[in-house]
Amino acid sequence: MPRPIEALIHTEALAHNLRRARQAAPQSRVWAVVKADAYGHGIERAYAGLSGADGFALLDLDEAQRVRTLGWRGPILLLEGCFEPRDLELCSRLDLWHTVHHEAQIDMLAAHKTNAPHRVFLKMNSGMNRLGFRPSAYRGAWQRLSGLTQVDEITLMTHFADADGPGGVAAQMAAFEAATRELPGERSLSNSAATLRFAGGQGEGALVAADWVRPGIMVYGSAPDYPAHDAAGWVLQPAMTLRAKLIALQSLQPGDRVGYSGAFTAEAPMRIGVVACGYADGYPRVAPTGTPVLVNGVRTRTVGRVSMDMITVDLTPVPEATLGAEVTLWGRGPNGSLLGIDEVARSAGTVGYELMCALARRVPVSVV
Ligand SMILES: *Cc1c(COP(=O)(O)O)cnc(C)c1O
């Protein structure tokens with residue numbers, strides 16, 4: 001029998017969350033962001049749920065190839081653009097749209113031989129200081145690109161640094177608007193947080209939503225601004241469940257210690273369960289005692305260190321739990337129970353993004 005751990009990908013949840021993105025920005029087209037192998041869900045596994053998108057945005061050429069192999073004929077956008085000249089050949093061959101964020105990428109394009117001009121997304125560094133042309137250099141880059149026979153349409157693009165936080169999008173919106181005022185072309189600005197928090201409606205909301213939104217994390221059912229909102233608060237459904245079973249039980253006496261370095265000590269008699277899931281499965285090793293977990297759909301907590309192949313959980317709230325009891329690490333549990341990946345992530349000092357992306361290869365995955 002295989003080790004009792006598995007991940008489930010919920011096709012209907014992906015489709016639902018994608019519809020939520022459309023609802024939040026009803027005038028915009030929607031890129032489903034599927035970088036990092038669809039945030040750990042697997043591009044092939046997520047495809048059925050996300051095929052209602054207007055396009056797929058990602059980073060790796062091999063992922064773009066995989067999306068084409070799935071039969072997708074629509075737009076595909078490379079969010080970091082090309083890394084070397086021969087990437088442009090694949091863009092021509094697979095009809096990929098690509099981001100241009102620095103001068104060297106324009107040089108590569110100028111030297112590229114193609115019959116079919118490329119659609120490019122010209123990225124502005126509107127304040128995040130990662131990728132893109134500064135506002136003062138943006139128009140120059142646009143002019144240079146628009147003079148190339150290798151380029152047809154230019155979409156204006158930026159990315160928000162704090163759409164999920166107190167900073168919001170106002171300062172970057174102002175920088176973007178000022179520098180693009182007289183430029184033609186479509187626009188794409190918003191990630192999940194900006195789409196949920198600031199898009200929609202007329203006026204400023206319509207400017208934030210623009211022509212294309214780029215939701216990633218919300219499509220997978222995690223709240224970009226947790227704990228200000230949780231997934232249910234944004235009416236999102238978890239697209240991934242990680243579940244395992246109890247493979248051993250222990251009865252502890254006061255003073256008994258659990259796991260490596262004995263990081264947890266029982267203060268009273270208690271029962272714990274040993275779960276077939278550890279950091280080699282993608283469960284965060286730094287998750288401390290007290291991280292929430294469901295056993296038979298009942299909420300309890302981890303105790304002691306996470307080890308490579310196992311974690312230990314407090315069975316006090318689930319006295320009936322026996323060997324083989326179902327343990328939900330995140331996602332959907334039995335009887336309609338739910339454990340948000342964001343809650344687990346927060347306990348481990350990280351974000352839902354990292355946990356879903358870290359799902360390990362050794363965990364078998366089924367699509368439901
Ligand atoms: C990853 C990414 C997104 C999606 O961000 P989420 O926070 O997951 O919605 C959007 N745009 C760009 C440029 C990205 O790199």
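If you're wondering where the values come from, they're calculated on a predicted model, not measured in any experiment. For ligands, and for the atoms within them, numbers begin at 1 and follow the listed sequence.
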Would you please name every residue forming a side-chain hydrogen bond (donor to acceptor under 3.5 Å, both in side chains) with [X], sequence neighbours left out?
| X | answer |
| --- | --- |
| R197 | none |
| N191 | none |
| R301 | D314 |

* What do the steps show when you test R20 against Q23 for side chain to side chain donor-acceptor pair (under 3.5 Å), and what is the final call? -> CA-CA 5 Å; R20 282 287 295 127; Q23 242 174 33; 2.7 Å; yes

* For ligand 1, list the protein residues that place a heavy atom within a distance below 4.0 Å of one of its atoms, sorted by chain and number. => V33, K35, Y39, L79, K123, H159, N191, S192, R214, P215, G216, I217, Y353

* Asked: Mind checking whether W31 and W212 have parallel, tilted or perpendicular rings, split at 30° and 60°?
  -> parallel

* Structure fact -> Shortest non-hydrogen pair, L339 vs P292, comes out as CD2-O, 3.5 Å

